[in-house]
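Just so it is clear, the values below take in all heavy atoms, side chains as well, and ignore hydrogens, waters and symmetry mates. Nothing here was measured: the structure is a model prediction, and the numbers come from that model. Within every chain, numbering begins at 1; the chains are lettered A, B, ... in the order of the sequence lines, protein sequences first and strands thereafter.
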Amino acid sequence: MAKTYITTAIPYVNGAPHIGHAMDYCLADTFARYARLRGDEVRFQAGVDEHGNKIFQKASSLRIPVQEYVNKNAQSFKDFISDLNVSNTDFIRTTDVEHVRRCQEIWTRLRNHIYKAKYEGWYCSGCERFVTQKEHDENHGICPDHAKAYEKLSEENYYLRISDFKEQIKKAIETNEMRILPEFRKNEVLALLDESPDVSVSRSTVQLTWGVSVPDDDTQVMYVWIDALSNYITVLGYPDQDISAWWPAAAQFVGKDILRFHAIIWPAMLLGLGLPLPKVILSHGFVLANGQKMSKTIGNVVDPMDVLQRHGIDAFRYYFLRHVDTFLDSDFTWDKFEESYNNELANDLGNLVQRLAAIMAKNNLEYSAEQEYCFSGEYIKLMDDFEFARAFDLVWEKVRAINRQIDEKKPWELAKAGKNSELAECLKGLVARLLTVNYELSPFLPNVTGKISEIFTGNVRPPETPLFPKEQKK
RNA sequence: CGCGGGGUAGAGCAGCCUGGUAGCUCGUUUGGCUCAUAACCAAAAGGUCGUUGGUUCAAAUCCAACCCCCGCAACCA
């Protein structure tokens with residue numbers, strides 16, 4: 001049995017889960033479910049990134065111990081993942097003691113590629129962070145948030161020598177040994193790679209305390225990179241356990257904003273450890289609200305829990321997997337969401353199940369599946385290429401085709417004419433088709449497809465409440 | 001000349017790589033059906049494919065220039 005390892009980006013837990021996280025989970029979960037049905041044994045990681053100043057400050061401002069704060073937030077992400085019906089097998093927290101220990105071991109193993117150097121730059125004591133020369137110039141040397149002049153500050157940090165691996169990474173990307181999806185991001189990454197400087201991987205404990213200590217140097221704490229990125233392998237037990245059965249990952253799902261780190265820093269770490277590179281890094285787009293990026297300042301943020309509560313999990317997954325482009329940015333609007341729910345889920349699929357089940361129930365017919373379900377070649381091709389929205393479109397065309405067929409075959413006429421065996425034969429064929437489609441639909445909509453299978457097992461009865469109830473018109 | 005994405009019917013998109021009567025979904029209009037969640041099926045209307053020029057028998061598609069939106073530029077998915 002083939003082993004498949006799938007990862008999702010670990011969100012920084014200084015806030016509530018948002019729509020973007022959901023995007024990551026829905027895509028990865030669909031692929032995981034697809035892989036399982038294809039016969040693979042799947043390991044599927046999810047988790048949270050819990051270190052860093054922002055979290056430390058947030059906890060302080062709330063006057064609660066930081067560990068307590070991250071515990072609470074980690075739980076809210078766990079709940080969120082479970083609400084989305086994500087089939088992850090592992091959940092990692094960067095504050096897990098095992099992660100911390102393994103992470104330090106990874107640092108030690110990378111030591112040949114890490115060096116200490118002095119960093120000098122503009123620093124805002126209000127923001128507690130360094131700003132780029134460009135940002136400094138654009139703001140004319142004064143922080144707009146704090147109306148304070150930037151100070152010139154220097155600090156000693158550890159750096160990871162990206163230059164040791166640039167050529168290898170470049171080659172891996174160019175040859176698709178490590179495939180960057182979508183294709184158009186590949187050139188972007190290659191261009192970035194050329195200019196990539198060595199990356200600072202630690203902070204002085206004066207600046208940052210809430211993090212993993214650097215081995216043998218108690219004045220420094222690991223900055224996000226080595227701490228967070230290594231989660232993908234520490235969760236598998238590296239370096240204590242042999243991870244070669246699972247690693248390299250079949251696919252790592254990330255948002256487009258963090259692609260660069262996953263395509264440059266992460267491969268550098270892996271090469272430094274002598275590990276193979278992931279087969280695919282898939283970067284998805286953002287979900288926009290009316291063409292604009294969701295932002296707290298604009299106030300156009302759509303809370304995923306609101307969407308989830310509206311029509312439930314299947315409607316949620318349906319929208320984000322079909323109407324949100326897998327790779328490009330797409331809009332979320334309530335109008336579109338409602339439209340897709342009413343027209344497609346309720347009218348196309350829900351009503352299809354209803355009409356078939358109703359006519360079978362009226363005629364006291366039973367159904368037992370005789371065939372082994374399998375995916376169509378076209379479907380497999382699209383899914384293997386991570387073209388989820390297109391695969392979904394393909395399946396939906398089949399849903400509509402069954403509705404068409406019912407109209408063509410007019411089973412109600414057979415019923416009226418008392419042609420019982422013909423009727424049974426006709427309906428059996430239609431249900432068989434529906435269940436084949438249902439199977440291809442199941443990686444996308446695990447809940448409702450399960451219900452549909454049940455409805456058409458044994459004595460067929462329509463669901464007591466519609467699969468996708470519509471609001472009563474006033 | 002920083003990098004990238006996009007500009008195709010009222011809306012959202014496909015087609016562009018590998019030129020050959022402009023396609024899908026929603027919406028609109030009309031008709032059909034009645035098994036079904038006022039659902040389903042069919043047909044019609046609606047486009048100078050961002051602009052200009054070039055290559056070609058033929059350009060949404062290839063080439064050049066330009067215009068307009070939108071992202072990214074050390075950590076917001």
Side-chain angles (χ1 to χ4, degrees), chain A residues 8-12 14-15 17-25 27 49 52 54 129-132 134-135 182-185 187-192 195-197 199-200 223-225 228-229 253-261 264-265 283-288 291-296 301 322-323 325 327-331 333 335-336 339-340 342-363 389-390 393 396-397 400 402-416 423 427 430 462-463 465-473:
Chain A
T8 55
I10 54 173
Y12 195 59
N14 63 343
H18 59 72
I19 291 230
H21 302 126
M23 200 51 207
D24 216 47
Y25 295 136
L27 292 170
D49 173 15
K54 281 184 189 164
R129 68 178 183 106
F130 282 93
V131 301
T132 57
K134 186 153 185 185
E135 194 174 344
E183 190 76 16
F184 67 79
R185 296 263 175 234
N187 298 329
E188 203 175 309
V189 169
L190 286 170
L192 277 168
E195 300 162 11
S196 265
V199 59
S200 152
Y223 192 47
V224 62
W225 309 126
L229 290 167
F253 292 81
V254 300
K256 66 174 184 179
D257 56 329
I258 53 170
L259 171 63
R260 55 180 53 197
F261 314 124
I264 297 171
I265 301 176
S283 95
H284 60 256
F286 283 167
V287 179
L288 309 176
Q292 273 189 316
K293 196 164 173 174
M294 290 187 193
S295 110
K296 283 181 188 161
V301 175
R322 182 158 186 228
H323 291 299
D325 191 286
F327 301 115
L328 299 174
D329 292 354
S330 314
D331 242 9
T333 65
D335 280 353
K336 279 194 196 173
E339 196 179 282
S340 81
N342 286 322
N343 288 327
E344 296 165 5
L345 280 175
N347 293 352
D348 286 345
L349 181 62
N351 182 54
L352 169 61
V353 169
Q354 189 72 28
R355 66 197 297 209
L356 270 180
I359 195 168
M360 288 190 79
K362 271 186 192 169
N363 293 282
R390 294 207 178 183
D393 281 346
W396 212 259
E397 182 43 46
R400 298 160 61 94
I402 299 173
N403 267 321
R404 256 195 310 274
Q405 267 200 326
I406 297 179
D407 276 57
E408 281 162 16
K409 298 198 169 174
K410 305 186 199 308
W412 55 90
E413 285 187 359
L414 297 175
K416 274 183 193 160
L423 175 68
L427 291 174
L430 290 166
T465 52
L467 294 177
F468 301 105
K470 284 200 243 179
E471 286 192 335
Q472 293 299 316
K473 287 206 172 167

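A:Lys362 comes within 4.0 angstrom of the backbone, heavy atoms only, and of no base. Among the heavy atoms of the strands lying under 4.0 Å from A:Leu467 is at least one base atom, whether or not backbone atoms are also near. Residue-level contact check: A:Phe468 touches the bases, meaning some heavy atom is under 4.0 Å from a base atom. Among the atoms of the strands shown, only primed sugar atoms or phosphate atoms (P, OP1, OP2) are found under 4.0 Å from some heavy atom of A:Lys416. Within the 4.0 angstrom heavy-atom criterion, base atoms lie near A:His18. In this structure, A:Pro11 reaches neither bases nor backbone, as no heavy-atom distance under 4.0 Å exists between it and the strands shown. The residue A:Gly52 sits apart from the nucleic acid: no heavy atom pair falls under 4.0 Å. Contact annotation for A:Val353: no contact, since no heavy-atom pair falls under 4.0 Å across all strands. Within the nucleic acid shown, A:Gly255 comes within 4.0 Å of sugar-phosphate atoms alone, with no base atom in reach, counting heavy atoms only.
If you check B:A77, B:C40, B:G5 against the side chain of A:Arg355, the one that comes closest is B:C40. Checking B:C40, B:A14, B:C41 against every side-chain atom of A:Asn347, the shortest atom distance belongs to B:C40. Minimum atom distance to the side chain of A:Asn343 is reached by B:C26, of the listed B:A14, B:U37, B:C26. Closest to the A:Glu344 side chain, of the nucleotides B:A77, B:A42, B:U25, is B:U25. Listed candidates were B:A77, B:U37, B:A42. Nearest to the side chain of A:Asn351 is B:U37. Listed candidates were B:C72, B:G71, B:C40. Nearest to the side chain of A:Arg260 is B:C72. The side chain of A:Arg400 has B:C26 as its nearest neighbour among B:C26, B:C35, B:C40. Here the nucleotide nearest the side chain of A:Lys336, chosen from B:C40, B:G4, B:G12, is B:G12. Of the candidate nucleotides B:A36, B:U37, B:C76, B:A36 has the atom nearest to the side chain of A:Ala358. Checking B:A77, B:G5, B:C33 against the side-chain heavy atoms of A:Trp412 singles out B:C33 as nearest.
Taking atom CZ of residue A:Phe286 and atom P of nucleotide B:G5, one finds them 17 Å apart after rounding to whole Å. One atom, CZ of A:Phe327, and another, P of B:C72, lie 20 Å apart when rounded to the nearest Å. What separates CZ of A:Arg404 from C1' of B:U34 is a distance of 19 Å, to the nearest Å.
Checked for salt-bridge contact, A:Glu188 and A:Arg185 meet the test: a charged N lies under 4.0 Å from a carboxylate O. Under the 4.0 Å criterion applied to side-chain N and carboxylate O atoms, A:Asp407 and A:Arg355 are assigned as salt-bridge partners.
When both pairing distances are held under 3.5 Å, B:C49 makes no Watson-Crick or G-U pair with any nucleotide shown. As the counterpart of B:C62, B:G54 is assigned, both hydrogen-bonding distances of the Watson-Crick or G-U wobble pattern falling under 3.5 Å. B:G71 is paired with B:C3 under the criterion used here, namely a Watson-Crick or G-U wobble arrangement in which both key atom distances are under 3.5 Å. Nucleotide B:A44 is matched to B:U28 when pairs are restricted to Watson-Crick or G-U wobble geometry with both distances under 3.5 angstrom. Base pairing of B:G23: its partner is B:C13, meeting the Watson-Crick or G-U wobble criterion (both donor-acceptor distances under 3.5 Å).
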Subject >> A:His323/A:Glu339 under side chain to side chain donor-acceptor pair (under 3.5 Å): CA gap, chis, key distance, verdict >> reply: CA-CA 11 Å; A:His323 291 299; A:Glu339 196 179 282; over 6 Å; no
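Each of A:Ala346 and A:Glu339 has a nearest nucleotide on RNA chain B; the 5'-most of these lies closest to A:Glu339. Checking A:Asp407 against A:Ile19, the closest nucleotide of RNA chain B that is more toward the 5' end is the one next to A:Asp407.
You'll find the side chain of A:Pro17 stays beyond 4.5 Å of the side chain of A:Tyr25, heavy atoms only. With a 4.5 Å cut-off on side-chain heavy atoms, A:His284 and A:Phe327 do not count as touching.
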